[in-house]
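Excluded from the calculations below are hydrogen atoms, water molecules and symmetry mates; all remaining heavy atoms, backbone and side chain alike, are included. Numbers here simply count residues along the sequence, with the first being 1.
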Amino acid sequence: MSEHRFDSIWDAIESTPGEAENMKLRSELMIALKAHIEAKGWTQTEAAKRMGVTQPRVSDLMRGKVQVFALDALVNAASAAGLSVKLDVRAVA
């Protein structure tokens with residue numbers, strides 16, 4: 001059995017490098033949003049109102065259901081919650 005190492009779990013489970021990158025970005029945004037909501041002490045209902053989504057969507061976010069969120073929806077939610085999103089693009093080593 002060969003031992004192959006991956007930079008992230010997404011690299012290991014996604015079909016293409018593009019899909020892996022998309023999932024990495026989505027999961028990073030979700031982690032940041034969850035931390036922000038918790039730091040502010042917002043209830044899920046309050047977070048939903050601030051982000052312009054429903055409470056069940058916030059529940060999905062808090063539970064880490066990355067597969068149900070599109071990248072643009074997470075950027076919009078982060079912005080509405082008072083976060084700034086920066087993108088770092090660089091050549092693959």
Side-chain angles (χ1 to χ4, degrees):
M1 178 164 81
S2 69
E3 188 174 309
H4 188 92
R5 295 192 179 247
F6 296 93
D7 290 334
S8 80
I9 186 66
W10 300 116
D11 293 321
I13 64 175
E14 292 299 327
S15 301
T16 68
E19 290 171 359
E21 288 299 317
N22 190 287
M23 294 302 280
K24 285 179 208 175
L25 290 171
R26 286 195 268 169
S27 63
E28 287 177 27
L29 272 168
M30 289 178 71
I31 290 166
L33 269 166
K34 180 179 179 184
H36 184 69
I37 290 166
E38 290 172 345
K40 292 289 189 180
W42 294 340
T43 64
Q44 288 187 8
T45 301
E46 184 176 4
K49 286 179 187 174
R50 290 177 182 270
M51 294 189 302
V53 298
T54 64
Q55 180 277 323
R57 290 293 281 169
V58 175
S59 177
D60 287 343
L61 181 135
M62 301 301 280
R63 293 183 10 222
K65 291 186 157 189
V66 70
Q67 71 279 7
V68 301
F69 289 94
L71 189 54
D72 62 330
L74 289 166
V75 170
N76 291 341
S79 179
L83 297 174
S84 174
V85 179
K86 302 260 186 245
L87 179 64
D88 179 29
V89 179
R90 53 186 139 45
V92 177

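Following chains of ILVMFWY side-chain contacts shorter than 4.5 Å, one can reach Leu87 starting from Val66, so the two form part of one hydrophobic cluster. Under the 4.5 Å side-chain heavy-atom criterion for grouping Ile, Leu, Val, Met, Phe, Trp and Tyr, Val68 is connected to Leu25 within one hydrophobic cluster. Taking hydrophobic clusters as Ile, Leu, Val, Met, Phe, Trp and Tyr residues chained together by side-chain heavy-atom distances below 4.5 Å, Met30 shares a cluster with Val85. Hydrophobic clustering of Ile, Leu, Val, Met, Phe, Trp and Tyr side chains at less than 4.5 Å, counting indirect connections, unites Leu71 with Met23.
Ion pair Lys24/Glu21 flagged as a salt bridge, since at least one NZ, NE, NH1 or NH2 atom sits closer than 4.0 Å to an Asp/Glu carboxylate oxygen.
Heavy atoms only, all atoms of each residue included: Leu74 and Arg26 are closest at CD1-O, 3.7 Å.
Checking each of Asn76, Leu83, Leu33 against Met51 for a side chain to side chain contact (heavy atoms under 4.5 Å, CB included) leaves exactly one that passes, namely Leu33. Each of Thr43, Thr45, Asp60 was compared with Gln55 under the side chain to side chain contact (heavy atoms under 4.5 Å, CB included) criterion, and only Thr45 meets it. Partner of Gln44 under the side chain to side chain contact (heavy atoms under 4.5 Å, CB included) criterion, out of Val58, Ile37, Thr54: Val58 alone.
Contacts classified as side chain to side chain donor-acceptor pair (under 3.5 Å) and involving residues 79-93 (residues at least two apart or in different chains) are given here: Asp88-Arg90.
Under the 4.5 Å side-chain criterion, counting only non-hydrogen atoms from C-beta, Val53 is not in contact with Leu61.
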